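Values reported hereafter were calculated over all heavy atoms of this structure, with side chains retained and with hydrogens, waters and symmetry mates removed. This one's a predicted model, so the numbers in the text were calculated from it and none came from an experiment. In the text below, chain A, chain B and the rest are named by the order of the sequence lines, each starting its count at 1.
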Number of protein chains: 2
Amino acid sequence: MRLSTKAQYAVRAMVSLHLHGTGAPVSLRDIAVREEISLQYLEQLFSKLRRGGIVDSVRGTGGGYVLARTATDIRVDEIIDSVEETLVPVSCMDDSGRCSCSEQCVTHNVWQGLAEGIRGYLASYTLDDLTRQAQTKWSGPSA
Amino acid sequence: MRLSTKAQYAVRAMVSLHLHGTGAPVSLRDIAVREEISLQYLEQLFSKLRRGGIVDSVRGTGGGYVLARTATDIRVDEIIDSVEETLVPVSCMDDSGRCSCSEQCVTHNVWQGLAEGIRGYLASYTLDDLTRQAQTKWSGPSA
DNA sequence: AAATTAATTGACAGTTTTACTCAGGTATGA
DNA sequence: TCATACCTGAGTAAAACTGTCAATTAATTT
């Protein structure tokens, strides 16, 4: 059960954007160099992050990307959602826990609980938490 | 981030084995029919479950598989481990949380926390819990 | 206005993983 | 010795992943 590199890169890139941003737009070239991610792959990711309402884009010279909201208001699960990676561990279940097989399926409860736990944990982390680094473990950043 | 069908089938098959077992070995054919999983795919899975110490095999006529331990002593995470699906969400990290990039990697803590949470949650479920069905959500079977 | 920077888009391709099937072989009980 | 059922390794089609390439649009600087 692996997160795709797409999701991992997206989170890393967002941290990089927040960490080295001064308010002025940060170009993908900068992030690409700093994080050693291909510029063209980043373009794909940020296109989705923009559509997801996580970042805003500024075109032209001196352009780049800026956060669409404050870092304390951007949750890690939202970043992953934006690049279209599911956080639900089984394919028969949707985000809300609905499942075609929920009646007859004895394993339904484990997967639903797992899905909620993963979602809840990643939702407890904000972009700002990540940059501040002082996190505890499973209980999330607040504990 | 999806669990493979391999892991899902393994858990379902184990529940089926426990639920319909009377102490006597249960043949894979029975499980295959009941769970609508290909017999030959099941053979692959149970070969791994046996090596993982989850089940014991009985060969010959009237043979099949039996639990290697009591159902209260078989955890869901062990079942998944046996069929060789990782529960660690990022490839740079091993089961113990060690990571080549832990120093420079700002996202390390989230992934480690997530890994521990997933592991901890699935470890809180036993095969017996699953068959008894009366589970609560994220807090696991004990709450 | 022209040149430059940088976001934006869609198509495409190589590689890896997944989810199986197939074809045998081995051990046991009736 | 025959039927049952476990056991093993190889092979394969499809899907997903991880990017690259090419071309365009928009804004800024000169």
Nearest to side-chain heavy atoms of Tyr41(A), which nucleotide of dT21(C), dT20(D), dA7(C): dT20(D)

Rounded to whole Å, the CD1-P distance (Ile31(B) to dA5(D)) equals 12 Å

Please check: side-chain N/O of Gln8(A) versus main-chain N/O of Leu3(A), any donor-acceptor pairing under 3.5 Å? yes

Of Ser57(A) and Ser38(B), whose closest DNA chain C nucleotide lies nearer the 5' terminus? Ser57(A)

Which parts of nucleotides 22-30 of chain D does protein reach within less than 4.0 Å, heavy atoms only, written one letter per nucleotide 5' to 3' as B for base, S for sugar-phosphate only and - for none? ---BSBBS-

Report the nucleotide, chosen from dC6(D), dC20(C), dA11(C), that has the shortest atom-to-atom distance to any side-chain atom of Thr5(B). dC20(C)

In whole Å, what is the span from the NZ atom of Lys6(A) to the C1' atom of dG19(D)? 11 Å

Salt-bridge criterion met for Lys6(B) and Glu85(B) (N-O under 4.0 Å): no

When you get a sec, tell me which of dT20(D), dC7(D), dT8(C) is the closest nucleotide to the side chain of Tyr65(A)? dT8(C)

Do any side-chain nitrogens or oxygens of Arg2(A) fall under 4.0 Å of OP1 or OP2 in dT18(C)? no

Return the value, rounded to whole Å, for the distance between atom CD of Gln44(B) and atom P of dG11(D). 15 Å

For Leu39(B) and dC7(D), what is the distance between atoms CG and C1' respectively, to the nearest whole Å? 12 Å

Would you say dG19(D) has OP1 or OP2 under 4.0 Å from some side-chain N or O of Tyr9(A)? yes

When the distance from NZ of Lys48(B) to P of dG9(D) is rounded to whole Å, what number comes out? 11 Å

If we ignore angles and hydrogens, is there a donor and acceptor under 3.5 Å between the side chains of Ser16(B) and Arg12(B)? no

So, for Pro25(B) and Gly64(B), which heavy atoms are closest and what is the spacing to 0.1 Å? CB-N, 3.6 Å

Taking salt bridge (Lys or Arg N to Asp or Glu O under 4.0 Å) as the criterion, tell me which of Arg119(A), Arg51(A), Arg75(A) meets it with Asp81(A). Arg119(A)

Verify the contact: side-chain N or O of Arg50(A) to OP1 or OP2 of dA7(C), cut-off strictly under 4.0 Å; return yes or no. no

For the side chain of Ser47(B), counting heavy atoms from C-beta on, which of dC6(D), dT8(D), dT20(D) is nearest? dT8(D)

In this structure, how many angstroms lie between the P atom of dT17(C) and the CD atom of Glu85(B), rounded? 13 Å

Starting from P on dA19(C), measure out to CD on Glu84(B) and report it in whole angstrom. 14 Å

Round to the nearest Å and state the distance from Arg51(B) atom CZ to dC6(D) atom P. 15 Å

Closest of dT18(D), dG19(D), dC6(D) to the Leu28(B) side chain is dC6(D)

Hey, what's the ring geometry for Phe46(B) with Tyr65(B), parallel, tilted or perpendicular (30° and 60° as the breaks)? tilted

Ser91(B): which residues meet the side chain to side chain contact (heavy atoms under 4.5 Å, CB included) condition with it, sequence neighbours left out? Arg2(A)

